[in-house]
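Below, all heavy atoms of this structure are taken into account, side chains as well, without hydrogens, waters or symmetry copies. Computed from a prediction, not measured in an experiment: that's the story for all the values here.
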Amino acid sequence: MKHFAVFRTPQTILYGRESFRQIGEEAALRGQKALIVSDQVMTSLGYVKECQEFLEQKGVVSEVYTGVESEPKDDYVSEGLVLFQNTNCDIVISLGGGSCIDTAKAIAVLATNGGYIGDYRGNRTIAEKDPIPHLAIPTTAGTGSEATDVTVITNTTTDVKMMIKQPAFMPVVAIVDPLLSISSPKQVTAATGIDALSHAVEAYLSKRAHPMTDAMALSAMKLIINNIRSAYSDGENLDARESMSLGALQAGMAFTNASVCLVHGMSRPIGALFHVPHGFSNAMLLPAVLEYSMESCTGRLAEVGRLFQPETDALLSNEEAAELAVASVKNLCASLEIPNLKEWGITEQVYQSAISKMAADALDSGSPANNPRLPTQAELEELYQICYDYQFTSPERVQSYAQQEGEI
């Protein structure tokens, strides 16, 4: 390694069944009044009330903001920040998926540093003051946002998903309780699981990868590959849920320190313009982007292929194992019933008219620069074309490698 590397994580990570119960104790160490950032789904499931009860047991009172819907927007940040300030809160707790966590990250930073969240994009403004303590509690095994210093917020004026990365956005505490993910429907389990796999794969393929991120990425991929089908088919399989939660956490730690690549660069504009949830859009793009990138990362992609079929380790060349990785990801997406963009319901004419903007926005995000193969604007536009009606179950994937895979 020619240069030193940096590896950032939350100050405290609590992981495992029933760890949610520790939120009161962790919050009481850091403040007296919490703003809980969540959504209506978490309210209906009773998780928000449960969180408030755990806080009350340790003497922490709370306010609740549940305005987050689907992808996080600057409007949610503004609304939550006003509530935080008007009710004199001194800590922030996020409870939900990545949208809730990303919204809370922005509130925690703006509460002490001020300004508009978009000001912090591209380090135009640096968060110099310590943020409000943020305790993140994910309820899906996917985004890994509880362990990253990244927030992605949509600018509702320009329809651009702003990827913002600074150390101040890292939560102080991450509480990862796999019991909370049992409520995730099959589709959400599939999409967030492939999202986590995308994080791990891209962290491993990234030009900014280093040995510590490699260790986390490889472990995350193994956990996800070996458990995602079980979690999908039997949502109450606690062992599978626990492995998926750990895999998503490790993938988050990997990609926040190695960065994501082309999948995420292309995914954000799709989410901003067509409101496709982040997990689904990443899943839709991953196989095609791996095919595009394969020639520039054959050795590393081969290691991914061998995770899908460890028994073939000594039998396949790197080129064959890399092809196995792509075929296996396609097969996985097909078995989890991941739709393509056309099947999602995006009108082709509207999609075609947006391709040029999406490609430009993707390049502007900076993530594609970390990809093993760096795309041009024209290549990105072609990739968007391919992904619109990409067939995970196409004849090309039904080859000897995929046929050998079976159930993992």
**OP:** Answer yes or no: does atom NZ of Lys33 have more than 12 heavy-atom neighbours from other residues, nucleotides or ligands under 6.0 Å?
**Re:** yes

Original post:
Can you tell me if NZ on Lys357 sees more than 12 non-hydrogen neighbours from other groups inside 6.0 Å?
Top reply: yes

**OP:** Please check if atom CD in Glu63 has more than 12 non-hydrogen atoms from other residues, nucleotides or ligands closer than 6.0 Å.
**Re:** yes

**OP:** Count the heavy atoms of every other residue, nucleotide or ligand shown that sit under 6.0 Å from NZ of Lys207, and state whether that count exceeds 12.
**Re:** yes

Original post:
Do Ser293 and Arg373 have side-chain atoms, one donor and one acceptor, less than 3.5 Å apart?
Top reply: no

**OP:** Inspect the contact between Glu303 and Arg306 and indicate whether a charged nitrogen and a carboxylate oxygen are less than 4.0 angstrom apart.
**Re:** yes

Original post:
Do NZ/NE/NH1/NH2 and the carboxylate oxygens of Arg17 and Glu242 come within less than 4.0 Å?
Top reply: yes

**OP:** Go through the steps for Tyr232 and Glu337 under the test side chain to side chain donor-acceptor pair (under 3.5 Å), then give the verdict.
**Re:** CA-CA 10 Å; Tyr232 175 72; Glu337 301 179 276; 2.6 Å; yes

Subject >> Any donor-acceptor N or O pair under 3.5 Å, side chains His199, Asp195 >> reply: yes

**OP:** Using a strict 4.0 Å threshold on nitrogen-to-oxygen distance, state whether Lys73 and Asp159 make a salt bridge.
**Re:** no

**OP:** Tell me, please, whether Phe54 has Arg21 positioned over its six-membered ring: NZ or CZ under 6.0 Å from the ring centre and within 45 degrees of its axis?
**Re:** no

**OP:** Looking only at non-hydrogen atoms, find the nearest pair between Ala104 and Val92 and report the distance.
**Re:** CB-CG1, 3.6 Å

**OP:** Report yes or no: is the cationic atom of Lys105 (NZ for Lys, CZ for Arg) closer than 6.0 Å to the six-membered ring centre of Phe169, at no more than 45° off its axis?
**Re:** no

